[in-house]
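Notes follow once the structure below has been shown.
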Amino acid sequence: MPIPTVAAKKKAKKPKAPARKQRQQRPRDRYSSPSNAVAAAAADAAAASVAGGAAASAPAPPRNYEGDGWEYPRYDLATLNRNEKAYFDYMCDLMTFFHKPDEPYPPTKVFTREELLLLTPKVVRDWMAMKTFGKLDYGPGDKSLGARYHTLGYMKKAVSWFMPNKRPGWCDGRGNPTKSDAVNKIIADVKLKESRKMGAKSRVKRPLTKAEFDLEMKLMREQPDWESQIKFPTMSVWQFNFIGRIDDTCHHELTDPKGHKTFSFALQSKVRWSKNVIDERKCPDQIILGADDPSWCLLLLLGIYLESYLAAHPDPKYLFTEHVNIHPVSHVDQAPDNIKNKWRQRLKKVVWSRPEFEDVECMDEDENEGGVGTHSRRKFAADYASNCGHSETAIEVRGRWKRLRGGRIVFQYIGLKKSFEDASVCGSLCIGGPIKYELKEGIDASIPMNWIYQHVIPNIRRRFHDTRLCTVLGKALLYACMSEDDKIVVPNEIRQRVRTAYNQLNLDETQPIEKIRLHIHRMNDQLFITPIGEGQLVAGASGGSAGMLGTEAVQTLIIRQQQYQQETNQRFDSQASQLYELRNYCGCQFRRLNNNIRSFGGTIEGSFVRQRTQQMVTATTQNEVVVRNDNQQEVEEGIVQLAELSHNPTSLHDLWREYRFGLNGRKPAIQFTRKERNVSRAVAAKYNRRNYVWKTIQRLVNAGHTAEVAIEKIRRQYGYSTSPTKIMILMQKDKAIFKDDGGIPPNLR
């Protein structure tokens, strides 16, 4: 038997592979060749179409558009706004260019869906080329002396408004013809030619300047009528302060401004009519602060305007117009549009047409081509805030512009209310720096808020029940009436009424209101608006905050250093108060110990008889009272604290010690029982009067202040020279004045 070789062994061990299956070819749905039957049918249909024979295939059935919601808009002047009316003009011009009828189509012409679906990007592009270049084919050297870049964009938007398929872009002969490369290319070409000075002159309204705004105020106040002197300047500053449109300003209602919930010296308002506000969440309250320059102070102008406006029209709906004009068809109130048109015409006649307005400032020729308009004030406000150092995000917050935040889910959890950004931009728009109006120290007790409500702003107080708003506007109007500044225009009847009432107070001060500068900053996520004291204002700091740079950062550091120092002083006062309490407690315990020793005789041979409580009370009338150097009283045989109030406390500190610890060994007033408080009518009246001071100090102490700080606040509110008895009487009056706020004045809350 032959021996197998190695190769033979390997060949024998290797199993035989099975036969490989053939891979089946799957038919491709895409790019596959048509079947013979389909190809033959297509060839026959093409041949019949070319020959024009009767064997042509039947046309495809029309598409069913029922229920897609499209309908050609109707040209109704009662329901269309200004932009929609212009849309009809552009659409009819395009269809006239496309159809070439004998007469141009009127705006009332209704086009069918089939007519609009015949529009292609080439038709729209040729129409724009004729409007821009005057010919269909243009070259690199041709100038676009017709429509400008922004006009072409508006034409594109107008035509797209009518398209049945307005949302999808143009693809494979379907969609919106305005959303195509051909249309976008001609718009880009025109934009490039404008940048190279080969386009038509710009008609865009340029931003207003500060000098022009000041001249506008001056020219308006030179007019004899009330609207030009007071109403329209107030509307201009309102629009500037909110970086708003003229339409936003005219649609404000009388109930929109309110007192600020956090800062008692400021107001707040919502701009609900803003074009970009389409959601209630995107319309937060925005702060209103006073300005050091009276021509730009919205609080000052608003107080003057409302007091005179409400005197003639006690219950209007809108803030800047007393009329209500409901359209019978659309049921839309046209009163805001009427006052808007009247305001615009007054600006053109009184301000913009004057030669001194054109010569007020030498502008760049490129910037001055479009002139000025009502929208120039919004551009001026945004440009001014940007030049002050604010970011685009902060200006967007104040101006309520839409922000492209994308579809990221995180933006659904980030709130839209940015208090610091809104307040910081508002502070920069307060020309001269943000301020607040306060009664001067020393005369604040002589002029209660009830007097201001009655003699300064009776019409505002009658219409508004918001105490915070009335307080802010009342102080601002009092400052305006007592001021001699020529920039402040107050109706004579209001000025004479306020000055007559003020002279009856027989005060030496000619101006009872002072302006206190404010600094806006934040700590972590909390907004702070801090008054700036004398000598604390850094040179160059406006009071606002634009990102904590330069002098604003130095101003913030000084403010925070002062706050830390005040906190240190409060802690020191708190420790001193605790030491005082400990001293009284230890003294009381030592006296009790000494009296107990004496009651037991002091020796072993003493009687060691425990005196009963009734015997100790009876013996108090017979015991000798020994007055120590520390003004504490001791009883020789047993200690009993009398439930009696002092006769004539000389300071608020004595009143507080009487309440907490007692004076001269008497029982603390806080421990009085109901029977002890009402022993007689005189005692009850005395306790109730002093209880106003005790409750105020206790409330401030519970809020985190020390007793010394609380007493300082009370003295600052009612005057440092006012006696404790007079302070009690004034507190009792304030309880009725500030009834809506719990009877608490703003400075003691």
Side-chain angles (χ1 to χ4, degrees), residues 234 237 257-269 287-308 310 430 432-485 487-491 494-495 497-499 501-503 505 507 509-518 529 531-532 543 713 716-719 730 733-734 737-738 740-741 744-749:
T234 305
V237 177
K258 297 179 177 60
H260 202 277
K261 299 179 181 179
T262 305
F263 305 103
S264 59
F265 48 81
L267 301 181
Q268 64 184 16
S269 181
I287 195 170
I288 304 174
L289 297 173
D292 190 51
D293 191 337
S295 298
W296 299 75
C297 182
L298 185 55
L299 297 181
L300 191 86
L301 297 175
L302 190 62
I304 299 172
Y305 166 72
L306 282 179
E307 181 60 25
S308 56
L310 294 176
C430 296
I435 57 97
K436 69 173 182 177
Y437 295 96
E438 291 292 347
L439 289 166
K440 289 183 178 179
E441 184 178 343
I443 64 172
D444 47 1
S446 303
I447 304 179
M449 289 309 303
N450 190 27
W451 182 90
I452 295 179
Y453 297 157
Q454 182 179 358
H455 298 285
V456 182
I457 54 168
N459 298 311
I460 296 178
R461 184 59 177 173
R462 189 182 304 112
R463 181 60 178 81
F464 292 94
H465 301 288
D466 188 349
T467 305
R468 297 184 180 92
L469 180 140
C470 295
T471 301
V472 173
L473 296 183
K475 294 178 181 179
L477 183 56
L478 179 58
Y479 176 86
C481 293
M482 302 305 297
S483 176
E484 301 295 339
D485 195 342
K487 296 182 180 180
I488 304 176
V489 180
V490 182
I494 297 179
R495 188 188 296 271
R497 181 191 69 202
V498 174
R499 290 192 174 186
Y502 182 77
N503 293 333
L505 298 177
L507 299 177
E509 188 66 46
T510 58
Q511 177 56 272
I513 302 294
E514 63 177 344
K515 296 190 292 186
I516 301 176
R517 295 292 295 272
L518 302 173
I529 303 180
I532 303 176
K713 284 179 173 289
R716 190 184 304 118
Q717 171 71 19
Y718 298 103
L730 294 176
K733 293 180 179 179
D734 286 345
I737 296 174
F738 302 97
D740 297 338
D741 298 317
I744 305 172
N747 296 333
L748 298 179
R749 294 172 187 167

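Throughout, numbering of the chain's residues begins at 1 and tracks the sequence.
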Legend entry - Audit row: L439, E514, side-chain contact (heavy atoms from CB on, under 4.5 Å) steps and yes/no: CA-CA 6 Å; L439 289 166; E514 63 177 344; over 6 Å; no
Legend entry - Evaluation steps, side-chain contact (heavy atoms from CB on, under 4.5 Å), between L267 and L473: CA-CA 9 Å; L267 301 181; L473 296 183; 4.0 Å; yes
Inset, instruction - Measure from the side-chain N and O atoms of D466 to the backbone N and O of G259, and report whether any donor-acceptor pair falls under 3.5 Å. - result: yes
Inset, instruction - Please state whether the rings of Y502 and W451 are parallel, tilted or perpendicular, taking 30° and 60° as the class boundaries. - result: perpendicular
Inset, instruction - Kindly check if the number of other-residue, nucleotide or ligand heavy atoms within 6.0 Å of NZ (K440) is above 12? - result: yes
Inset, instruction - Indicate yes or no for a side-chain donor-acceptor contact from S308 to the backbone of I304 under 3.5 Å, with no hydrogens or angles considered. - result: yes
Inset, instruction - Using distance alone, with no hydrogens and no angle criterion, decide if Y479 and D485 have a side-chain donor and acceptor under 3.5 Å apart. - result: no
Legend entry - Side-chain donor/acceptor of R499 to backbone N/O of C481, under 3.5 Å: yes
Inset, instruction - Report the distance from atom CD1 of I287 to atom OG of S269, rounding to the nearest 0.5 Å. - result: 12.0 Å
Legend entry - Salt-bridge present (R497, E307; N to O < 4.0 Å): yes
Legend entry - From NE2 (H260) to CD1 (I288), nearest 0.5 Å: 9.5 Å
Inset, instruction - Please check if the side chain of K515 supplies one atom and the backbone of K436 the other of a donor-acceptor pair under 3.5 Å. - result: no
